[in-house]
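All chains are named by letter (A, B, ...) in the order of the sequence lines, taking the proteins before the strands, and each is independently numbered beginning at 1. No hydrogens, no waters, no symmetry mates; every other heavy atom, side chains included, goes into these values.
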Number of protein chains: 2
Amino acid sequence: MLSKKTKYGLKALTFIARSESGMPVRVGEIAGSESIPQKFLETILLTLRKAGILGSKKGKHGGYYLRSHPSAVKMTDVMRVLEGPIAMVPCVSLNYYEKCDDCPDEHQCSVHRLMIEVRDSTLKVLRNTTLEDLALKDS
Amino acid sequence: MLSKKTKYGLKALTFIARSESGMPVRVGEIAGSESIPQKFLETILLTLRKAGILGSKKGKHGGYYLRSHPSAVKMTDVMRVLEGPIAMVPCVSLNYYEKCDDCPDEHQCSVHRLMIEVRDSTLKVLRNTTLEDLALKDS
DNA sequence: ATTAATCCTATCAATTTAATAGGGATTACA
DNA sequence: TGTAATCCCTATTAAATTGATAGGATTAAT
């Protein structure tokens with residue numbers, strides 16, 4: 001399951017990408033428009049800022065803005081920041097590899113091989129999708 | 001993340017598929033060989049039996065066996081039984097569809113569209129993989 | 001009968017998730 | 001200079017999920 005955190009984060013990024021004005025977007029505005037609890041969204045956008053995806057401006061007329069053009073914001077990056085590893089098992093993760101304690105030899109593990117295929121197919125989608133694609137309207 | 005339940009279940013199914021004798025396989029034997037807590041595995045195999053994937057024989061010399069040839073056991077079915085929906089959001093699930101409360105129109109939801117693509121690519125893998133594939137040794 | 005197995009359901013502890021709380025720090029601008 | 005608006009930070013909490021265990025009931029072979 002996709003966490004609410006990730007879902008809210010993606011919606012917020014889309015909202016910011018669509019807001020063409022170039023001005024920082026207030027958390028409250030996003031929260032209101034997208035039906036997201038504001039305080040929760042604050043922590044999410046903070047995470048995205050710390051990850052370098054968003055920038056922020058404090059104080060009156062402050063808010064969040066994209067650090068790069070939407071076409072340069074890859075879903076792989078966003079998902080890793082918000083949802084964590086893309087792989088479904090750590091022993092198959094490119095960025096967060098970890099050995100399983102219940103596997104003497106992962107090259108003979110049937111689950112391992114299946115999960116590599118799932119990971120690769122998911123990666124293909126996420127690598128080929130950017131925030132610009134998400135921000136397109138309709139269909 | 002793949003749950004332990006699913007991981008254990010897949011390993012157990014692989015073990016049974018590899019055990020060519022045709023005789024029912026005891027839970028204890030699988031648990032021992034695959035380092036799975038036996039009592040936990042009992043409940044998992046029970047689930048697989050209730051789903052029609054495994055059959056069982058009670059009493060002495062009892063155990064679990066496959067109801068179909070490994071090549072007929074699709075990963076889509078196994079995953080749905082053990083892990084639940086393949087889609088990452090309910091509004092994109094083929095078998096467990098549910099509307100999101102925070103989406104006025106899901107056809108305009110950017111997350112929705114992305115998740116359809118992820119679902120389809122995962123489905124393609126899972127539909128094309130059977131227990132027979134998992135049971136192949138090595139690489 | 002005895003033994004060895006599955007079957008069933010309840011329960012528990014740990015973790016994760018979703019959300020809230022309560023301010024602190026910074027900035028615009030009157 | 002002061003005040004309102006905004007992001008920043010961390011802690012806490014409640015609910016849900018997960019992983020595992022417990023304790024027998026039932027069934028079948030010998």
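- Atom-to-atom, CG of A/Leu2 to C1' of C/dA18 comes out at 14 Å; the value is rounded to the nearest Å.
- Judged by distance alone, the side chain of A/Asp120 and the main-chain N or O of A/Glu117 form no donor-acceptor pair under 3.5 Å.
- A donor-acceptor distance shorter than 3.5 angstrom exists from the side chain of B/Arg18 to the backbone of B/Ala135, with no hydrogens or angles considered.
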With B for base contact, S for sugar-phosphate-only contact and - for none (protein heavy atoms under 4.0 Å), nucleotides 3-12 of chain D reads --BBSBB---
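- Residue pairs meeting the salt bridge (charged side-chain N to carboxylate O under 4.0 Å, His left out) criterion with at least one member in residues 71-87 of chain B: none, sequence neighbours excluded.
- At whole-Å resolution of the value, CZ in B/Phe40 and C1' in C/dT9 are 15 Å apart.
- For the pair A/Thr43 (side chain) and A/Phe40 (backbone), a donor-acceptor distance under 3.5 Å is present.
- Rounded to an integer number of Å, the gap from CG of B/Asp102 to P of C/dA18 is 12 Å.
- By the rule that hydrophobic residues join a cluster once side-chain heavy atoms approach within less than 4.5 Å of another member, B/Val73 and B/Val81 end up as members of one cluster.
- One interatomic measurement links the two molecules: CD of B/Glu29 to P of C/dA4, which rounds to 15 Å at whole-angstrom precision.
- At whole-Å resolution of the value, CD1 in A/Ile36 and C1' in C/dA18 are 13 Å apart.
- When rounded to the nearest whole Å, the span between CE of B/Met1 and P of D/dT18 equals 11 Å.
- Taking atom NZ of A/Lys7 as the reference point, atom P of C/dT17 lies 16 Å away to the nearest angstrom.
- Rounded to whole Å, atom C1' of D/dG19 lies 11 Å from atom NZ of B/Lys5.
- Side-chain nitrogen and oxygen atoms of B/Tyr8 include at least one within less than 4.0 Å of the OP1 or OP2 phosphate oxygen of D/dA20.
- No continuous path of ILVMFWY side-chain contacts below 4.5 Å connects B/Met88 to B/Leu82, so the two sit in separate hydrophobic clusters.
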